[in-house]
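Comments concern the structure below.
Throughout, protein chains are lettered first and strands after them, A, B, ... in sequence-line order, and every chain is numbered starting at 1.
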Number of protein chains: 2
Amino acid sequence: MVAKLTDVAKRAGVSPTTVSRVINRKGYLSEKTIHKVEEAMQELGYKPNNLARSLQGKSSRFIGLIFPNVSNIFYAELINSLEIRLFEQGYKAILCNSEKNPSKEREYLQMLDANQVDGIISGSHNLGIEDYRKVDAPIISFDRNLAPDIPIVSSDNFEGGRLAAKTLRHAGVKHPIIISGRDDSGSPTKRRGEGFRDVLPETKIIHIPGDYSPIRKKMELQMALRKEKPDGLFASDDTTALLAMQIIDQAGFTVPDDIKIIGYDGTAMVTTYFPRLTTIQQPIAEIAQVLVEVLLKKINHEPVDAEYILPVSLLPGKSI
Amino acid sequence: MVAKLTDVAKRAGVSPTTVSRVINRKGYLSEKTIHKVEEAMQELGYKPNNLARSLQGKSSRFIGLIFPNVSNIFYAELINSLEIRLFEQGYKAILCNSEKNPSKEREYLQMLDANQVDGIISGSHNLGIEDYRKVDAPIISFDRNLAPDIPIVSSDNFEGGRLAAKTLRHAGVKHPIIISGRDDSGSPTKRRGEGFRDVLPETKIIHIPGDYSPIRKKMELQMALRKEKPDGLFASDDTTALLAMQIIDQAGFTVPDDIKIIGYDGTAMVTTYFPRLTTIQQPIAEIAQVLVEVLLKKINHEPVDAEYILPVSLLPGKSI
DNA sequence: ATGAAAGCGCTAACAT
DNA sequence: ATGTTAGCGCTTTCAT
């Protein structure tokens with residue numbers, strides 16, 4: 001039998017109320033009582049039941065994290081930073097992989113609501129506005145337009161695209177192409193391509209859905225390269241850039257002599273283990289920090305902006 | 001105001017119990033009542049409060065996941081698989097990064113307990129046996145000896161080490177070395193080195209703590225290579241192997257001609273984007289499946305084994 | 001400085 | 001087939 005508050009009360013010879021006061025350091029307590037109660041808690045190995053607490057309107061201190069998956073290294077690093085920030089603030093993270101699966105995302109959304117989470121951070125977008133509206137908990141989004149009133153935190157996708165284009169142009173590239181995950185509904189990510197074309201107009205964009213297998217992605221890439229014969233390539237994320245580099249190497253061409261490559265994301269993993277790749281780096285830790293800050297503001301009913309755009313930076317490698 | 005069960009009851013003109021029965025599809029219900037109640041739920045936008053449910057002894061259906069971090073791609077992929085399995089079984093994952101920080105791990109352990117989680121899966125080990133004993137929820141461990149009665153699921157570390165050694169030996173390696181993260185207390189991971197030395201005895205082991213920065217790791221590696229002049233290298237995880245490859249390339253040596261390298265883990269990320277590396281692959285999806293299966297058994301008070309060892313396989317690359 | 005009583009939202013006996 | 005009552009473990013008035 002697990003000891004509960006009333007057991008502690010009996011053992012300490014006080015009322016449940018007093019025990020509650022000791023736990024929460026609330027109201028007037030005599031040193032003696034505090035001591036007695038703490039002793040009793042020790043002896044019984046008492047642990048407060050958080051569910052019971054949350055029931056009287058106390059917050060659960062749970063935050064839902066909805067992302068397509070954790071195996072993508074960019075999400076992994078972002079989620080890692082989010083967990084650290086949330087823990088600092090006394091919140092616990094519920095991990096929800098939406099897997100590009102609307103019904104799973106919907107189920108998770110309802111579950112989070114049913115479990116009285118204090119808030120939700122979402123980098124996924126499989127559902128319609130109505131689904132998000134139904135949720136009571138405040139939501140903040142990473143890099144997605146979920147609904148008009150849901151704040152978005154993202155890196156400066158447009159400037160990032162511009163920076164990539166300027167970098168390629170400066171290296172003498174004349175015929176670049178853009179390889180992009182399919183511009184999934186209302187993601188500001190497509191701004192990367194727009195920024196690029198702001199500098200180098202009429203650059204062709206090849207869409208390769210992010211959920212294709214690496215093998216299939218490679219084949220599509222191969223075809224694109226053969227057809228377009230580019231001398232420069234901007235991949236909208238680093239793993240796609242890595243794939244492109246593999247193909248180019250295998251085809252007997254040389255990076256950067258024949259084709260220059262620039263990616264996007266700049267995760268610790270890729271920059272550490274694949275420093276060869278030149279890329280545009282998103283400030284992952286800052287993004288996480290802002291996401292949590294803004295969410296906490298919303299939870300506390302403080303005013304927040306509609307959009308928070310964080311600066312990117314060029315991370316030079318040997319692929320340009 | 002959020003509608004609750006009693007509001008639905010009033011609106012539908014029935015008792016709270018009946019509403020509860022409809023929600024849980026339990027006991028005898030007339031079609032008519034079901035319809036009335038469901039209509040009322042619709043109209044009020046009613047959502048059950050899971051916390052209140054869990055309070056009467058119902059399970060919370062939360063599982064705690066304790067790992068050092070999510071940014072390490074191996075943990076990321078394992079956690080990803082775990083989330084998928086848990087969701088299938090109707091469980092939600094609470095993400096807990098222990099960060100090699102005992103007090104954070106202890107706090108998480110207590111929090112999980114306080115929130116009445118149904119179980120815990122841990123791949124971290126910063127604490128003593130007593131800390132784990134205090135926890136009520138059943139615990140299953142990945143690759144760590146946490147306490148005598150906590151079941152362990154792991155890949156076949158010993159055979160993996162043997163396989164690595166046999167592979168290097170077969171490639172003609174005469175003077176191999178092992179690079180290993182420090183053999184942190186009671187981890188079966190040290191069995192990788194033991195297995196290797198079962199085949200190639202007296203191979204020197206160089207310990208490089210996993211929490212060193214990549215820069216520092218590189219320096220240590222550099223020194224080790226200079227001193228030992230090996231013609232073969234077994235790294236106890238792939239990222240360390242990747243680092244070694246970088247250094248060897250930079251030093252003007254050639255992999256595999258001058259030094260042959262084999263890693264351990266074989267994550268999708270590394271095999272897809274760094275196919276050059278030969279490695280011993282852990283069956284991540286199966287590990288996740290077994291972890292969840294065994295945990296569910298423990299939750300249901302079914303008997304479980306003390307240890308579950310899953311087979312590894314050789315993944316050939318170009319580094320041997 | 002401490003206690004008694006009521007109630008958070010829901011479910012589980014035990015009626016009827 | 002449905003309702004009444006009590007209670008999960010805790011906190012919160014309101015007393016004293």
Side-chain angles (χ1 to χ4, degrees), chain A residues 1-38 40-41 44-62 110-118 136-137, chain B residues 1-38 40-41 44-62 110-118 136-137:
Chain A
M1 236 295 292
V2 183
K4 43 202 190 186
L5 188 140
T6 49
D7 299 327
V8 176
K10 260 179 227 152
R11 174 120 192 176
V14 299
S15 75
T17 316
T18 302
V19 177
S20 172
R21 286 198 181 100
V22 172
I23 293 169
N24 298 291
R25 288 278 178 282
K26 218 176 160 186
Y28 306 95
L29 275 330
S30 75
E31 277 305 321
K32 226 174 63 186
T33 317
I34 292 180
H35 187 74
K36 264 193 315 191
V37 170
E38 288 188 329
M41 297 201 304
L44 296 171
Y46 170 74
K47 309 167 207 168
N49 178 333
N50 251 318
L51 300 185
R53 287 183 166 192
S54 306
L55 199 52
Q56 26 274 328
K58 292 236 151 313
S59 80
S60 67
R61 303 208 77 85
F62 274 118
Q110 288 166 358
M111 178 282 282
L112 291 173
D113 228 23
N115 285 283
Q116 327 300 123
V117 297
D118 293 347
D136 294 320
Chain B
M1 235 295 291
V2 184
K4 43 201 190 189
L5 187 140
T6 50
D7 299 327
V8 176
K10 258 178 229 153
R11 175 121 191 173
V14 299
S15 76
T17 313
T18 303
V19 177
S20 172
R21 286 197 182 100
V22 172
I23 293 170
N24 299 291
R25 288 275 177 282
K26 215 175 161 186
Y28 307 95
L29 275 329
S30 76
E31 276 307 319
K32 228 175 61 187
T33 317
I34 293 180
H35 188 74
K36 264 193 314 190
V37 170
E38 287 188 330
M41 298 201 304
L44 295 171
Y46 169 75
K47 309 168 207 168
N49 178 333
N50 250 317
L51 300 185
R53 286 184 168 190
S54 306
L55 198 52
Q56 22 278 327
K58 291 235 152 312
S59 79
S60 66
R61 302 208 77 85
F62 275 119
Q110 288 166 359
M111 178 282 283
L112 292 173
D113 228 23
N115 285 283
Q116 327 300 126
V117 295
D118 294 348
D136 296 320

Shortest non-hydrogen contact from [X] toward [Y]:
| X | Y | result |
| --- | --- | --- |
| Pro48(A) | Gln116(B) | O-OE1, 4.4 Å |
| Leu51(B) | Ser54(A) | CD1-CB, 3.4 Å |
| Tyr46(A) | Leu5(A) | CE1-N, 3.3 Å |
| Ser60(B) | Asp118(B) | N-OD1, 3.4 Å |

Side-chain (Asp136(A)) to main-chain (Asp113(A)) donor-acceptor, under 3.5 angstrom = no
Measure the shortest side-chain to side-chain distance between Met41(B) and Ile23(B) over non-hydrogen atoms and say whether it is less than 4.5 angstrom.
-> yes
Comparing Gly27(A) and Asn24(B) on DNA chain C - which has the more 5′ nearest nucleotide = Gly27(A)
Considering only heavy atoms of chain B and a distance under 4.0 Å, specify the first and last nucleotide of DNA chain D in 5' to 3' order that meet this criterion.
-> dA1(D) to dG9(D)
Report the distance from atom [atom1] of [X] to atom [atom2] of [N], rounded to the nearest whole Å.
| X | N | atom1 | atom2 | result |
| --- | --- | --- | --- | --- |
| Leu55(B) | dC8(C) | CG | P | 13 Å |
| Leu5(A) | dG7(C) | CG | C1' | 15 Å |
| Asn49(B) | dG7(C) | CG | P | 18 Å |
| Arg53(B) | dA12(C) | CZ | C1' | 14 Å |
| Arg21(A) | dA1(C) | CZ | C1' | 8 Å |
| Ile34(A) | dT2(C) | CD1 | C1' | 13 Å |
| Lys10(B) | dG9(C) | NZ | C1' | 13 Å |
| Gln56(A) | dA5(C) | CD | P | 19 Å |

Check whether any side-chain N or O of [X] sits under 4.0 Å from OP1 or OP2 of [N], and answer yes or no.
| X | N | value |
| --- | --- | --- |
| Thr6(B) | dC10(C) | no |
| Ser15(A) | dA4(C) | no |
| Lys26(B) | dA12(C) | yes |
| Thr33(A) | dT2(C) | yes |
| Tyr28(B) | dT16(C) | no |

Residue mapping more 5' on DNA chain D - nearest nucleotide basis, Lys32(B) or Lys4(A) = Lys32(B)
Spacing of CD belonging to Gln110(A) relative to CG belonging to Asn50(B), to within rounding of 0.5 Å | 11.5 Å
base_contact_polar (dA4(C) base, Thr17(A) side chain, donor-acceptor, <3.5 Å) = yes
Can Ser15(A) and Thr18(A) be counted as having a side-chain donor-acceptor contact under 3.5 angstrom?
-> yes
Enter the inter-axis angle for the ends of the helix from dA1(C)-dT16(D) to dT16(C)-dA1(D) (five pairs per end, rounded to 10°).
-> 30°
Using a cut-off of 4.0 Å on non-hydrogen atoms, how would the nucleic acid contact of Val14(A) be classed: base, sugar-phosphate, or nothing?
-> sugar-phosphate
Pair Val2(B)-Lys47(B), side-chain contact (heavy atoms from CB on, under 4.5 Å): steps then yes or no | CA-CA 8 Å; Val2(B) 184; Lys47(B) 309 168 207 168; 6.0 Å; no
Donor-acceptor list for residues 6-14 of chain B side chains, cut-off 3.5 Å, not counting sequence neighbours:
residue: Asp7(B); atom: OD2; partner: Lys4(B); partner atom: N; Å: 2.9
residue: Arg11(B); atom: NE; partner: Glu43(B); partner atom: OE1; Å: 2.6
residue: Arg11(B); atom: NH2; partner: Glu43(B); partner atom: OE1; Å: 2.8

